[in-house]
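Everything on this sheet refers to the single structure shown next.
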Amino acid sequence: MNEVIEKFREVLTRVARERGSWTFAGLIEREEAPYKLDIVLAGSWISNEREFLDYFIDKMKQIFSDAEFIRFARIVILNPQGEFLQEFNRIIGPLSKDTDVTNIRIADANVRWGHLFATRSLPEFMAVA
């Protein structure tokens, strides 16, 4: 799992350098989809979801092999001011370091396991290539 997390961090870093900082970024394993990971993202700069998804998937394919890519179930784009992130910030709060969570319910989502990436002070996301 650590290799998946590190590769995904590289995708997040590349995208942040090109597009802007993340409001939220996480890999989530839902109770109803064990062993598959949802990619959950929010960024105030995401305006066109279809365009963003094409761009993001291309970035992922540059880093993940086809065999690794099938581990992901779906990509969920969150509203930065939406219910999920409001409840997340109330329960967990802004993240200044990566955090793993287990068996938690946030805004009607049952999370079996999740790796949440730091999004508040991210020197690695803001580094210049």
Side-chain angles (χ1 to χ4, degrees):
M1 183 59 72
N2 286 339
E3 184 178 350
V4 170
I5 290 169
E6 290 310 311
K7 285 184 170 188
F8 193 73
R9 181 187 322 283
E10 178 61 26
V11 174
L12 293 173
T13 301
R14 289 181 183 191
V15 172
R17 285 179 187 148
E18 293 177 13
R19 298 285 176 107
S21 62
W22 296 103
T23 305
F24 182 87
L27 296 173
I28 306 292
E29 180 184 356
R30 291 175 288 129
E31 277 185 10
E32 60 273 11
Y35 311 110
K36 289 286 199 173
L37 296 174
D38 289 350
I39 298 167
V40 183
L41 303 167
S44 59
W45 50 269
I46 300 171
S47 58
N48 181 317
E49 285 190 25
R50 179 77 255 154
E51 178 185 301
F52 169 75
L53 288 172
D54 291 342
Y55 165 81
F56 193 79
I57 289 168
D58 181 59
K59 292 295 180 190
M60 288 190 61
K61 287 183 176 181
Q62 293 173 16
I63 303 229
F64 288 98
S65 69
D66 290 343
E68 293 169 320
F69 198 79
I70 62 170
R71 176 89 195 263
F72 301 104
R74 63 185 182 167
I75 299 173
V76 178
I77 301 169
L78 300 173
N79 174 346
Q81 278 73 47
E83 176 186 357
F84 181 91
L85 287 179
Q86 286 178 8
E87 189 165 334
F88 172 82
N89 284 326
R90 185 178 55 78
I91 294 171
I92 297 175
L95 298 175
S96 58
K97 65 179 185 169
D98 285 11
T99 302
D100 287 336
V101 295
T102 56
N103 302 318
I104 189 169
R105 182 177 175 87
I106 302 174
D108 296 329
N110 294 318
V111 176
R112 181 176 180 181
W113 174 87
H115 183 84
L116 311 176
F117 293 86
T119 55
R120 292 300 180 230
S121 56
L122 293 173
E124 69 271 17
F125 284 2
M126 298 299 132
V128 176

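Contact check for F117 versus L95: no side-chain heavy atoms found under the 4.5 Å cut-off. Contact annotation: the side chain of L12 approaches that of L41 to within less than 4.5 Å [non-hydrogen atoms, C-beta and beyond]. Contact check for I28 versus V76: no side-chain heavy atoms found under the 4.5 Å cut-off. Side-chain contact between V4 and H115 is absent, with no heavy-atom pair separated by less than 4.5 Å. With contacts defined as side-chain heavy-atom distances shorter than 4.5 Å, the pair K59/R19 does not qualify. With a 4.5 Å cut-off on side-chain heavy atoms, I46 and Y55 do not count as touching.
Note: F8 and F56 have perpendicular aromatic rings, judged against thresholds of 30 and 60 degrees for the angle between ring planes.
Put simply, the side chain of K36 gets close to the backbone of I70: a donor and an acceptor are under 3.5 Å apart. Under a 3.5 Å cut-off, the side chain of D98 and the backbone N or O of A118 do form a donor-acceptor pair. A donor-acceptor distance shorter than 3.5 angstrom exists from the side chain of R71 to the backbone of Y35, with no hydrogens or angles considered. A donor-acceptor contact shorter than 3.5 Å is absent between the side chain of D58 and the backbone of D54.
In this structure, the separation between CG on N110 and CD on E32 is 6.0 Å, given to the nearest 0.5 Å. Once rounded to the nearest 0.5 Å, the distance linking CG of L78 with CD of E83 reads 11.0 Å. Taking CG of L37 as the start and CZ of R30 as the end, the distance is 10.0 Å to the nearest 0.5 Å. Here the CZ-CD1 distance, from R74 to I39, works out to 11.0 Å after rounding to the nearest 0.5 Å.
Nearest heavy-atom pair, T23 versus G43, reported as atom, atom and distance to 0.1 Å: OG1-CA, 3.8 Å. The two residues S65 and E68 come nearest to each other via the heavy atoms N-OE1, 2.8 Å.
When the shell of 6.0 Å around CD of E3 is examined, it contains 12 or fewer heavy atoms from other residues, nucleotides or ligands.
Only one option out of I92, V40, L27, D100 pairs with L116 in a side chain to side chain contact (heavy atoms under 4.5 Å, CB included); it is I92.
Electrostatic pairing of E6 and R9 counts as a salt bridge here, judged by a charged N lying under 4.0 Å from a carboxylate O.
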> For W45 and V15, what are the C-alpha separation, side-chain angles and deciding distance, and is it a side-chain contact (heavy atoms from CB on, under 4.5 Å)?
Replying inline: CA-CA 11 Å; W45 50 269; V15 172; 3.7 Å; yes

